[in-house]
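Within every chain, numbering begins at 1; the chains are lettered A, B, ... in the order of the sequence lines, protein sequences first and strands thereafter. Only this structure's heavy atoms are used, side chains among them; waters, hydrogens and symmetry mates stay out.
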Amino acid sequence: MSDETAAFSKSEMMIVAAARELAGQRVCFVGVGLPNIAVNLAKRTVAPDLELVYEAGVFGARPARLPLSIGDPTIVTGATAAVSMFELFAFYLQGGLIDVGFLGAAQIDRFGNINTTVIGDYAHPTTRLPGSGGACEIAINARQIFVIMRQSKRSFVEKIDFRTSPGNLGGAANAERIRREQGWLGRGPTVVVTDLGIYHFDDSGEMRLDSLHPGATLQAARDTIGWPLHVSPDLAETPEPTTAELDLMRLELDPGGLFTR
Amino acid sequence: MSDETAAFSKSEMMIVAAARELAGQRVCFVGVGLPNIAVNLAKRTVAPDLELVYEAGVFGARPARLPLSIGDPTIVTGATAAVSMFELFAFYLQGGLIDVGFLGAAQIDRFGNINTTVIGDYAHPTTRLPGSGGACEIAINARQIFVIMRQSKRSFVEKIDFRTSPGNLGGAANAERIRREQGWLGRGPTVVVTDLGIYHFDDSGEMRLDSLHPGATLQAARDTIGWPLHVSPDLAETPEPTTAELDLMRLELDPGGLFTR
Amino acid sequence: MSTSKVATMHDAIAAIVRDGDTVAIEGFTHLISFSAGHEIIRQGRRDLVLARMTPDVIYDQMIAAGVARKLIFSWLGNPGVGGLNAIRRVTEGDHASLELEEYSHFGMVARYTAGAANLPFFPLRSYFETDLPVANPLIRPIESPYGDGTVYAVPPLKPDVTIVHAQRADANGDTQAWGLLGCQKEAAFAAERVIVVVEELVDEAVIRADPNRTIIPGLIVDAVVVEPWGAHPSYVQGAYDRDNRFYLDWDPISRDKAATDSWLAEWVHGLGGRAEYIEKLGSGRLAGLKPSAPAPSGSVDYGEYR
Amino acid sequence: MSTSKVATMHDAIAAIVRDGDTVAIEGFTHLISFSAGHEIIRQGRRDLVLARMTPDVIYDQMIAAGVARKLIFSWLGNPGVGGLNAIRRVTEGDHASLELEEYSHFGMVARYTAGAANLPFFPLRSYFETDLPVANPLIRPIESPYGDGTVYAVPPLKPDVTIVHAQRADANGDTQAWGLLGCQKEAAFAAERVIVVVEELVDEAVIRADPNRTIIPGLIVDAVVVEPWGAHPSYVQGAYDRDNRFYLDWDPISRDKAATDSWLAEWVHGLGGRAEYIEKLGSGRLAGLKPSAPAPSGSVDYGEYR
């Protein structure tokens, strides 16, 4: 077991676990960084018919290599459609055609509300983060939201410094009412994949640990989360990455190990 | 004189007079029917650099024949740009890029307000007309409006049955205030060309006869207009169509005589 | 993704268009699916709400055939010819039996855009100081939140079915068109169900070779009907011209109810579908509608990036 | 119409970009006019309000050079690499000297769209239940006139100058681009003045052969600058790839103010223009950025109609 777990990195496990959650999904809005490699891995494994949508204005991308960033000529060549960003955000995203929006975060709270704007005070932040990009509208309009990020007490916090992208707000009841009243098409966050495990959201709209990655411990999970951890009564262990999954990441998607080391 | 006037039709004189008014204009929004042939004649005579814009979604049309209607494949082939109607109406027209909007009308009043919707009561009209099409937004957003239509007591009326397209509203002062307050980019109607003469608008925003076509009389003009006619103190006579203008209409633009008879 | 959506017009209309539906057959003078309109008549649909910027001859025929209870439009005419006489018969005087909901062209485009974008309204500068908001109370004023005046709003239009004709699509419904694009993209994204009728069925690779040319993704398409000449008597850029004689001939026919009914009996009910219609028109008539010469766009290079 | 607007980058920037202007160099990862940004630095413009969805390395360089007083944006980063360190130096902590006006991507696209369409606002479903309207009071709620809830509005953005890079244009400024189109069309129509920088100057006939490919008409263009490789280190679909090494190298350089200044001295102030920049980069570096193979779009037929 230890040998085998030594055979893959925590990042690789995280990416593989995120990719597997996409099984059965049809249209996925791809974010920058980790989501980019996780979705491209899913497309090559559990979800070959997955339609990749890039906010840059591409539907049905067939990237011949792992895109270098959120925009890359390889996502256009051979795609079904390359459209203006107005059309992408208005008709595809706000129009309700996106099944899964994949987001990263600098800070997330127990209800899946996300901060990617600032750490500290908005006017004089200690750290100025990238900001919303498309995250704010993805969180509101995609049918469901997957989050992929590493755990730490700095990122899994009791209270986020700035709400860039709404999750389950103050809890499920409140969130469902507001989403219904405002005519939002999305139901918010459903999955959070970290370097330690896989979380889903319980009836109260709060994050619940459903699966621990091989080698990860409950204690490690608790030590890197800023609120009392909810653990599923039937906590599972995440199946290890397969050789096929590892080879795809290492040989094809990320030979440089930019994301997987 | 009578021989010469016999050498062209009233419609031909009307179209030629309208075309000449386009001298010096740059971007013209082309309407259906008479405006279509007048603008295409101007492009071949007094305004060779005129950019033809069709509401169907064409900028910089180079029609190889007189377009059969407001949409025609000949306005696309060889054009500068073929765009969606959203882009045409939002960016080109409402965005303020159109110098002259050319309109026809079923009814027009002394202030250049236009009706192309119904004759009689709206719910139970005696005649159901085509409606606005793009006329309502052309009247509001084009920098100035040219009107081309035949005179008759039925069409030049004291009160129009329905205001489809705003002109000088109740008069120039009122119209200028509203256009300024509402951020309209257009200044409204500036020219009306009929089968009898050429009208411009005076300081009060009312139609004034500035030129009578050859063979037309003041009496004829008065008999076919539903309000006390304002006549310019220095009333001119419209120069007759040249052989070149007539040949263009008869041999190239409208060999069938659909508009010119 | 690779499942074929190719269907006959009969099967597509039978499965997708239902009595009472709001149906938009869009295409601004260009790419008008007369073929789909005729099949809707043939299958005897009733109580349809027909939406279209320019109802054109196809809606005059459909309304003459009694398929519709209401018309949503912005310009009611036989382009370049005159009025739509069958529609006038049911909208003028005390016989007015067809419900009308009327906008301007930009208002209709804005309605489809709001529908496609899941917006509760779309703002535009039209309508101020006109009688249109009186005639149609769905055209409503809205204050700018920046204190700089009032504009008008139109509500979203979300057809149950949008039907468009295009030059080509693949079996998945990924559709490309060129020439006048009208509001087909907006009308398709706004719709619950979409039927695409094409001149030519092409391999997916043809579509993917020029992704900027795609106007409708298969993602929102329910059926692909392959019917060359399906837009006659309207035109298809690069394929055939408008059959203007047809538009001119329709004027006297449509002025007389009996003549209209017998035209429908002969050219719609009397035929099995577009193939028979084309055969009846005759190859001579069609040959005269071909472009006088080709006008190639030329090719651009997207480049391979591995 | 036939008067040439072709100018050198030096002359175009000198004539069109003024101190204090709101300037938008748009292009979403694709077609970013680094060349224009460098010329603006070289000519020492000051107090600019820089607008751009993704400020990217070019605005990090321009802000490091001191041309800007304010930044309007939606995503602040070095795509695929990390942060924009020069901008962070003037936006973090008590040194925060650069004014920020922040939206989401759709908010920025909507602002340009409202600007291009002369609308007083543009509605969208973003922002509800977020802190963005608190951080930016220009993001305001607006009630639907149809009684179905509240959405948010953003105000129009009308740059004094919009600068875009494209594959080709004619001497009149009629511009065609393919691949990612971002919001260049909206940003250009929204602007008072427009500069188009192209890889290739083509005859008007090339543009007119494919009117659906035109994104910006010469009507709104003030200058056409012909500069192959003008978008390096960003990419041009079909012409060259993103120079990722440049984006990676910029990270350590931009972390150190002195290193940043010496980079600007060497690569911007020390050079006369893009031609010298390209020569300094070296043909080997550029050769490695060419696509691995061509990927032709294929040609479509518009047809001649006489």
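- Contact count versus chain A (heavy atoms, under 4.5 Å) is highest, among D/Ala295, D/Gly182, D/Pro79, for D/Gly182.
- Proximity to chain A involves both the backbone and the side chain of D/Ala135, based on heavy atoms less than 4.5 angstrom apart.
- Counting heavy-atom pairs closer than 4.5 Å to chain D, the top residue among A/Gly134, A/Gly71, A/Pro73 is A/Pro73.
- In this structure, CZ in D/Phe106 is found 12.5 Å from CD1 in A/Ile138, a value given to the nearest 0.5 Å.
- Options D/Val81, D/Leu132, D/Leu181 differ in how many heavy-atom pairs under 4.5 Å they form with chain A, and the most are formed by D/Leu132.
- For D/Met53, the part lying near chain A is the side chain, with the backbone staying farther off; criterion is any non-hydrogen pair under 4.5 Å.
- Note on A/Cys136, A/Ala175, A/Gly131: by heavy-atom pairs under 4.5 Å with chain D, the leading option is A/Cys136.
- Heavy atoms of D/Leu100 lying under 4.5 Å from chain A belong exclusively to its side chain.
- At a 4.5 Å heavy-atom cutoff, the contact between A/Ala90 and chain D is made by backbone and side-chain atoms alike.
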Write out the donor-acceptor pairs between chain D and chain A under 3.5 angstrom, atom names and distance to 0.1.
residue: D/Ser74; atom: O; partner: A/Gly133; partner atom: N; Å: 2.7
residue: D/Leu76; atom: N; partner: A/Pro130; partner atom: O; Å: 2.8
residue: D/Glu92; atom: OE2; partner: A/Arg128; partner atom: N; Å: 2.8
residue: D/Gly93; atom: N; partner: A/Pro125; partner atom: O; Å: 2.8
residue: D/Gly93; atom: O; partner: A/His124; partner atom: ND1; Å: 3.2
residue: D/Glu102; atom: OE1; partner: A/Tyr122; partner atom: OH; Å: 2.5
residue: D/Glu102; atom: OE1; partner: A/Arg128; partner atom: NH1; Å: 2.9
residue: D/Glu102; atom: OE1; partner: A/Arg128; partner atom: NH2; Å: 3.2
residue: D/Glu102; atom: OE2; partner: A/Arg128; partner atom: NH2; Å: 2.5
residue: D/Ser104; atom: OG; partner: A/Glu137; partner atom: OE1; Å: 2.7
residue: D/Ser104; atom: OG; partner: A/Glu137; partner atom: OE2; Å: 3.1
residue: D/His105; atom: N; partner: A/Gly133; partner atom: O; Å: 2.8
residue: D/His105; atom: N; partner: A/Glu137; partner atom: OE2; Å: 3.2
residue: D/His105; atom: NE2; partner: A/Glu55; partner atom: OE2; Å: 3.4
residue: D/Phe106; atom: N; partner: A/Glu137; partner atom: OE2; Å: 2.8
residue: D/Arg125; atom: N; partner: A/Gln94; partner atom: OE1; Å: 2.9
residue: D/Arg125; atom: NH1; partner: A/Gln182; partner atom: O; Å: 2.7
residue: D/Ser126; atom: OG; partner: A/Glu137; partner atom: OE1; Å: 2.5
residue: D/Glu129; atom: O; partner: A/Arg163; partner atom: NH1; Å: 2.8
residue: D/Glu129; atom: OE1; partner: A/Arg163; partner atom: NH1; Å: 3.1
residue: D/Asp131; atom: N; partner: A/Arg163; partner atom: O; Å: 2.8
residue: D/Asp131; atom: OD2; partner: A/Arg163; partner atom: N; Å: 2.6
residue: D/Gly182; atom: O; partner: A/Met85; partner atom: N; Å: 3.0
residue: D/Tyr235; atom: OH; partner: A/Asp72; partner atom: N; Å: 3.0
residue: D/Gln237; atom: NE2; partner: A/Pro73; partner atom: O; Å: 3.3
residue: D/Gln237; atom: NE2; partner: A/Thr77; partner atom: OG1; Å: 3.0
residue: D/Asp241; atom: OD1; partner: A/Arg65; partner atom: NH2; Å: 3.0
residue: D/Asp241; atom: OD2; partner: A/Arg65; partner atom: NH1; Å: 2.8
residue: D/Asp241; atom: OD2; partner: A/Arg65; partner atom: NH2; Å: 3.1

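- Within the 4.5 angstrom heavy-atom criterion, no atom of A/Leu93 approaches chain D.
- Note on A/Ile70, A/Val58, A/Ile178: by heavy-atom pairs under 4.5 Å with chain D, the leading option is A/Ile178.
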